[in-house]
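First comes the structure, then the notes that go with it.
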Amino acid sequence: MRATALLAPTLREAPADAEVVSHKLLLRAGFIRRVAAGVYNYLPLSMRVLKKIEQIVREEMDRQGGQELLMPILQPAELWQESGRWDVYGPELFRLKDRHDRDFALGPTHEEIITTLVRGEVNSYKQLPLLLYQIQNKYRDERRPRFGLMRGREFIMKDLYSFDRDEKGLEKSYMKMHEAYTRVFQRCGLHFRPVEADSGAIGGSETHEFMVLAESGEASILFCESESCDYAANVERAAQINQPDNGKEGMNKLAEKETPDCRTVEEVTRFLGIPPQEIIKTLLYETDTEVVAVLVRGDRDVNEIKLLNLLGCLRVDLAGENTIKKVTGASRGFSGPVGLQGVKIIADLEVPSIVNAVTGANRDHVHLLNVNPGRDFSIDILTDVRMVEAGEPCPRCGQELKEARGIEVGQIFKLGDKYSKLLGATYLGESGKAKPIIMGCYGIGVTRTMAAAIEQNNDLDGIVWPAAIAPFHAVVIPVNTKDPEQVALAEKIYTNLTAAGVETILDDRSERAGVKFKDADLIGYPLRIIVGAKAVSENTFEVKVRRSGEVTVVPGDKLEQTVLEMLSDL
RNA sequence: CGGGAUGUAGCGCAGUUUGGCUAGCGCGCCUGCCUUGGGAGCAGGAGGCCGGGGGUUCGAAUCCCUCCAUCCCGACCA
């Protein structure tokens with residue numbers, strides 16, 4: 001490819017409406033242009049990267065026995081109504097009508113379509129297991145599209161669905177995908193971590209997210225620092241170690257204390273001169289059907305995801321002032337479990353071992369001292385409902401947990417029989433009895449992976465592509481395009497490298513060298529080969545590695561071989 | 001959806017407070033000269049429904065109303 005023929009409009013200044021680094025660089029380096037919020041044109045450089053990621057994904061899916069197919073983006077409402085998700089999915093589902101006023105949706109995911117397909121075509125256990133996948137555009141009308149390609153409304157995703165006879169088969173498929181995903185992100189040259197995650201609204205039991213580690217990641221993950229332990233979890237999911245009940249020695253007599261205007265844990269600790277660990281924080285949550293009190297240690301935060309799962313409801317919200325007043329008789333900041341009537345009391349595992357705790361008194365400007373769980377109030381549900389923090393012991397091995405930030409680029413899910421039951425996808429077992437097909441679903445955000453790769457691989461000058469997904473492997477730059485010898489030489493090595501299988505771009509623009517260097521850095525080609533005066537006089541070429549900045553002078557007859565060797569190390 | 005901000009040439013911005021010449025600047029783009037190892041220089045040039053609509057006014061980028069779009073922060077997600 002010649003630079004003069006390539007549509008790669010680089011910008012000297014980053015567009016003002018880009019904030020995150022991948023968005024800025026994708027725009028500046030001429031990879032994408034915005035069409036609408038969360039909707040982009042993918043220019044030729046992008047297309048090359050996306051195709052490479054897709055190819056890696058394809059190869060790894062196929063390696064595990066996956067079969068590629070293609071399902072429609074445009075999906076009739078009936079299928080979504082049948083699964084119940086036409087109502088449940090909410091405003092995130094793009095909906096439209098055809099000329100006959102029939103409802104359709106743009107597919108945000110394909111459980112409905114594929115389960116219906118398999119329902120019709122698979123009847124016998126002999127046809128299972130199946131791994132079916134596609135790579136195509138997905139549509140989600142996000143509340144807030146942002147961060148360029150990281151959260152678009154239209155994005156490319158690989159979605160694979162597994163169909164098995166039973167849980168054992170599902171486990172096998174799940175492991176295959178776990179391995180496939182690990183290989184995919186390894187081959188893409190990314191630093192990543194599979195983490196345990198919450199299964200959320202899609203339902204199902206076990207799920208892992210594949211996180212590309214980057215400071216800018218939206219997700220916070222906790223992982224065990226021990227070499228031998230591979231525990232890693234999304235903070236939403238991270239579990240705490242079981243707390244020992246260290247007895248109830250030295251319980252003091254319950255007492256009241258005036259605490260004027262002390263509503264927050266911070267205010268109470270300052271006023272009373274006690275550490276927050278001695279406070280039991282009481283938070284009231286409203287669900288669709290009830291109000292519950294959640295108790296955590298004063299220095300902890302409630303994990304609303306855990307609470308949601310515990311209560312099995314769709315939403316929990318912190319109660320408003322009115323509800324608090326109705327339930328406790330006091331205003332916000334003075335709630336406590338002692339004497340609290342008519343609401344379920346849910347306590348975090350740490351709560352029972354707090355001796356002589358401070359809580360709200362359910363009266364304005366009063367707190368209780370020497371509150372002891374069990375003696376002064378009873379707990380309805382004792383469970384893990386709080387956020388686990390870095391520095392706490394790993395729930396598996398007890399070593400310290402560390403924190404990192406990540407970008408979720410893939411997720412694997414055990415669905416079980418959820419969709420097969422809803423949509424009636426069954427097969428006949430050997431006994432001749434109909435059983436629901438056991439399913440799993442597995443997604444990789446292809447466009448997001450491209451963005452994540454940039455988030456993880458960039459410097460002040462631009463993108464630093466891992467060679468496996470770089471749009472081109474190398475750029476050949478003749479320093480002076482007015483020098484016919486340099487141009488001829490550049491043409492020659494461009495031809496030779498291309499013939500040797502190196503994806504090469506020849507920067508044949510009659511720009512000054514500096515301009516070409518800047519663009520090369522910005523676009524992030526892994527290798528740069530400079531054809532200058534010395535190349536003409538001595539037949540030696542400078543090969544510069546984008547990532548390290550390291551320059552190697554290579555004689556002309558060794559060039560192709562050296563470049564190939566260097567690439568295999570990137 | 002709540003909160004904040006922005007919309008002027010392909011990109012980055014000034015001008016708007018206090019209405020008034022032909023709407024400016026830098027980069028990019030085109031032509032020519034010159035230059036060619038890190039976004040050079042000189043000269044000439046093209047490019048604007050000042051987000052849209054409505055209003056106020058002798059006169060609107062500027063004031064008022066309204067709609068739209070985009071970005072950022074929160075609750076959701078590949």
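Note on naming: letters A, B, ... go to the chains in the order of the sequence lines (proteins, then strands), and numbering restarts at 1 for each one.
- Backbone-only contact: V409(A) has heavy atoms under 4.0 Å from sugar-phosphate atoms and none from a base.
- Residue K24(A) places no side-chain atom within donor-acceptor reach of the base of rG12(B), judged by atom type and a 3.5 Å distance cut-off alone.
- Using a 4.0 Å heavy-atom distance criterion, E209(A) is classed as making no nucleic acid contact.
- Between E218(A) and the choices R405(A), R146(A), R144(A), the salt bridge (charged side-chain N to carboxylate O under 4.0 Å, His left out) rule is met once, by R146(A).
- At a threshold of 4.0 angstrom between heavy atoms, the contacts of K544(A) include nucleobase atoms, whether or not backbone atoms are also involved.
- When heavy atoms are screened at a 4.0 angstrom cut-off, A18(A) is found touching no nucleic acid atom at all.
- Here D159(A) lies out of heavy-atom contact (under 4.0 Å) with every strand.
- Within the nucleic acid shown, D521(A) comes within 4.0 Å of at least one base atom, counting heavy atoms only.
- When each of V531(A) and L149(A) is assigned the nucleotide of RNA chain B with its nearest heavy atom, V531(A) is the one assigned upstream, toward the 5' end.
- For rG28(B), one of the phosphate oxygens OP1 or OP2 lies less than 4.0 angstrom from a side-chain nitrogen or oxygen of R12(A).
- Using a 4.0 Å heavy-atom criterion, one finds that I530(A) contacts the bases of the nucleic acid, with or without backbone contacts as well.
- At a cut-off of 3.5 angstrom, counting only N and O atoms as typed in the model, there is no donor on one side facing an acceptor on the other between the side-chain of R140(A) and the base of rC77(B).
- Side-chain atoms of E511(A) and base atoms of rG39(B) include no donor and acceptor less than 3.5 Å apart.
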